[in-house]
Novice: 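Could you have a look at this structure, given as structure tokens, before my questions?
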Amino acid sequence: MLVAFAVAPATAADDTGSVHAAVADAIAIVRASGLPHHTDAMFTTIEGDWDECMDVVHRCCEAVGQHSARVSLVLKADIRPGRTGELQGKLDRLEKALDERS
């Protein structure tokens, strides 16, 4: 399965509104998990089985919770049992479809 998620404290640590320190704590957990992952400006996507992915999301929420009494989580999942390599595979199929239009 693929899980795209964004987790952040509901309140910023200072008047700049920045939440980068809390998000960095979450991303360190993602990277240490060993799961295939991709982080962009808005979401982190991880690939694994249900329990692996939800464990990482849970631990990320706990880490962010150390920065704020309230945590915001946005999560989207693509559940396709038996599939692996979809973090890149979906993009490869999209690029192929676009190339075929030429």
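All values derive from a computational prediction rather than experimental measurement.
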Novice: What about V3 and L87, same hydrophobic cluster or not, with Ile/Leu/Val/Met/Phe/Trp/Tyr joined at side-chain heavy-atom distances under 4.5 Å?
Specialist: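 The answer is no; the residues belong to distinct hydrophobic clusters.
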Novice: Going by the side-chain hydrogen bond (donor to acceptor under 3.5 Å, both in side chains) test, which pairs reach into residues 31-40, not counting sequence neighbours?
Specialist: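 Applying side-chain hydrogen bond (donor to acceptor under 3.5 Å, both in side chains) to every pair that reaches into residues 31-40, excluding sequence neighbours, yields T39-T44.
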Novice: So, do M1 and W50 sit near enough that their side-chain heavy atoms are less than 4.5 Å apart?
Specialist: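 Counting from C-beta outward, M1 and W50 do come under 4.5 Å.
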Novice: So, applying side-chain contact (heavy atoms from CB on, under 4.5 Å) with V7, which one of V23, V19, V30, V71 is it?
Specialist: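 Per the side-chain contact (heavy atoms from CB on, under 4.5 Å) rule, the option paired with V7 is V71, out of V23, V19, V30, V71.
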Novice: Would F5 and V74 satisfy side-chain contact (heavy atoms from CB on, under 4.5 Å), going step by step from the backbone distance to the final call?
Specialist: CA-CA 5 Å; F5 70 103; V74 176; over 6 Å; no
Novice: Output all residues satisfying side-chain hydrogen bond (donor to acceptor under 3.5 Å, both in side chains) with E52, sequence neighbours left out; order by chain, then residue number.
Specialist: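 Residues passing side-chain hydrogen bond (donor to acceptor under 3.5 Å, both in side chains) with E52: none at all.
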Novice: Test of understanding: with side chain to side chain contact (heavy atoms under 4.5 Å, CB included), list the residues that count as partners of D92, not counting sequence neighbours.
Specialist: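 For D92 the side chain to side chain contact (heavy atoms under 4.5 Å, CB included) partners, ignoring immediate neighbours, are Q88.
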Novice: Over all heavy atoms of both residues, which pair between S18 and A12 is shortest? Give the atoms and the distance, please.
Specialist: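 Closest approach of S18 to A12, heavy atoms only: O-CB, 3.7 Å.
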Novice: Going from NZ on K90 to OG1 on T45, what distance comes out if it is rounded to the nearest 0.5 angstrom?
Specialist: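 Separation between the atoms: 9.0 Å.
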Novice: When you look at D25 and V64, which way does the side-chain contact (heavy atoms from CB on, under 4.5 Å) test go after all the steps?
Specialist: CA-CA 7 Å; D25 286 350; V64 169; 5.8 Å; no
Novice: According to a hydrophobic-cluster definition based on side-chain heavy atoms being under 4.5 Å apart (Ile, Leu, Val, Met, Phe, Trp, Tyr only), do M54 and I79 belong together?
Specialist: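 As far as the 4.5 Å side-chain criterion goes, I79 and M54 are connected within one cluster.
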Novice: Using the test side chain to side chain contact (heavy atoms under 4.5 Å, CB included), find all partners of S72 that sit at least two apart in sequence or belong to another chain.
Specialist: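 By the side chain to side chain contact (heavy atoms under 4.5 Å, CB included) rule, S72 matches no residue at all.
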Novice: Using side-chain heavy atoms (C-beta onward) and a distance below 4.5 Å, is L35 in contact with V56?
Specialist: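 A side-chain contact exists here, since the closest heavy-atom pair is under 4.5 Å.
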Novice: Once side chain to side chain contact (heavy atoms under 4.5 Å, CB included) is applied, do any residues pair with R83, and if so which ones, sequence neighbours excluded?
Specialist: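 Checked R83 against side chain to side chain contact (heavy atoms under 4.5 Å, CB included); matches are R80, E86, R93.
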Novice: Run the side chain to side chain contact (heavy atoms under 4.5 Å, CB included) test against T11 and tell me which residues pass, sequence neighbours left out.
Specialist: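 If we apply the side chain to side chain contact (heavy atoms under 4.5 Å, CB included) test to T11, skipping adjacent residues, the hits are S68.
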Novice: Can you measure from CG (L2) to SG (C53) and round to the nearest 0.5 angstrom?
Specialist: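 The SG atom of C53 is 7.5 Å from CG of L2, to the nearest 0.5 Å.
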Novice: If you measure from CD on E100 to NZ on K96, what distance do you get to the nearest 0.5 Å?
Specialist: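 The distance works out to 5.0 Å.
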